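As structure tokens, the structure follows; a few thoughts come after it.
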Amino acid sequence: MTAARVGLGFDSHALVEGRALIIGGVRIEHTHGLHGHSDGDALAHAMTDALLGAAGLGDIGQHFPSSDPAYKDADSMELLRRSMDLVEAAQLRLGNADATLYADAPRLGPYRDAMIQSLAMKLRVEPDKLNLKFKTLEGLPLGGAGGAAVIAAHVIVALEAEA
Ligand code: C5P
Ligand code: MG
């Protein structure tokens with residue numbers, strides 16, 4: 001059996017007023033949203049980097065540069081779908097993905113199933129291949145510029161060669 005190819009992704013966006021909070025493609029009720037050139041979906045970005053990394057295809061900025069006006073307010077889940085196209089074109093498929101989201105607020109547990117469904121649909125995999133975990137930061141100095149609160153995501157994926 002061929003060894004799995006693993007990939008690691010990380011992303012972090014500051015919480016700011018006047019933006020919708022979207023994580024894993026799911027709209028979450030909150031006073032603040034994630035700042036960013038795109039919709040700021042840190043989970044989608046970290047997952048995209050994990051997939052690209054496992055496939056040996058560099059990172060999100062190479063494929064979807066934030067300097068390109070085409071990606072202003074981009075739907076990050078659409079970029080994730082396109083990164084899965086690249087994975088499949090390389091004759092690889094998702095074994096599993098595991099993520100940790102770091103957020104002091106809001107509580108994300110109630111959105112776990114919706115996020116998994118949303119990610120599974122874009123990745124074209126069964127939901128049982130995906131796992132999400134949530135952690136408070138408890139003052140860990142992972143803050144954005146000026147100490148702004150952030151939401152950050154770590155994702156690890158394993159890709160397998162197509163049989
Ligand atoms: O980080 P902490 O150990 O306090 O998290 C306890 C539990 O609270 C986690 O296992 C997770 O299920 C939930 N949680 C959450 N939303 C967050 C942070 C934690 O639902 N933003
Ligand atoms: Mg990002």
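In each ligand, atom 1 is the first atom listed, and ligand 1 is the first ligand listed. The first residue of the sequence shown is numbered 1, and numbering continues consecutively from there. Only a predicted model underlies this, so the values are computations on that prediction, with no experimental measurement involved.
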Return the option from Leu132, Thr136, Leu101 holding the heavy atom at the smallest distance from atom 2 (P) of ligand 1. Thr136
Classify the side-chain pair Lys135/Thr100 by whether it contains a donor and acceptor separated by less than 3.5 Å. no
Between Ser76 and Asp39, do the side chains contain an N or O donor and an N or O acceptor separated by less than 3.5 Å? yes
For His154 and Tyr102, take the angle between the two ring planes, folded into 0 to 90°, and tell me which bin it lands in: parallel under 30, tilted 30 to 60, perpendicular over 60. perpendicular
Would you say atom 6 (C) of ligand 1 makes contact with the protein, given that contact here means a non-hydrogen protein atom less than 4.0 Å away? no
For atom 20 (O) of ligand 1, what's the nearest protein heavy atom and its distance? Gly109 N, 2.8 Å
Quick one: look up the protein heavy atom nearest atom 9 (C) of ligand 1 and list residue, atom name and how far away it is. Phe134 O, 3.1 Å
Whether the Thr48 and His63 side chains hold a donor-acceptor pair (N or O, under 3.5 Å, no angle test) is what I'd like checked. no
Could you walk me through whether Glu162 and Arg93 pass the salt bridge (Lys or Arg N to Asp or Glu O under 4.0 Å) check? CA-CA 6 Å; Glu162 271 173 22; Arg93 64 173 177 216; over 6 Å; no
Intermediate values then yes/no, salt bridge (Lys or Arg N to Asp or Glu O under 4.0 Å), Glu126 and Lys129: CA-CA 6 Å; Glu126 292 302 314; Lys129 296 199 178 247; over 6 Å; no
Ligand 1 contacted by Ala105 (non-hydrogen, < 4.0 Å): no
For Arg124 and Glu88, run salt bridge (Lys or Arg N to Asp or Glu O under 4.0 Å): C-alpha distance rounded to whole Å, both residues' side-chain angles, the deciding distance at 0.1 Å, then the answer. CA-CA 11 Å; Arg124 303 181 291 270; Glu88 288 177 357; 3.0 Å; yes
Decide if atom NE2 of His32 counts as having more than 12 heavy atoms of other residues, nucleotides or ligands within a radius under 6.0 Å. yes
Which ligand 1 atoms does Ala103 reach within 4.0 Å, using its non-hydrogen atoms? 17 (C), 18 (C), 21 (N)
Atoms of the protein (N/O/S only) found under 2.8 Å from the Mg ion (ligand 2): Asp11 OD2, His13 NE2, His45 ND1
Among Arg112, Arg107, Lys135, closest by any non-hydrogen atom to atom 12 (O) of ligand 1: Arg112
Between His37 and Ser67, does a side chain to side chain donor-acceptor pair (under 3.5 Å) hold up when you go through it step by step? CA-CA 9 Å; His37 181 77; Ser67 55; over 6 Å; no
Considering heavy atoms of the protein only, find what lies nearest to atom 16 (N) of ligand 1 and give residue, atom and distance to 0.1 Å. Leu108 N, 2.9 Å
Would you check if Leu132 and Leu119 make a side-chain contact, meaning some heavy-atom pair closer than 4.5 Å? yes
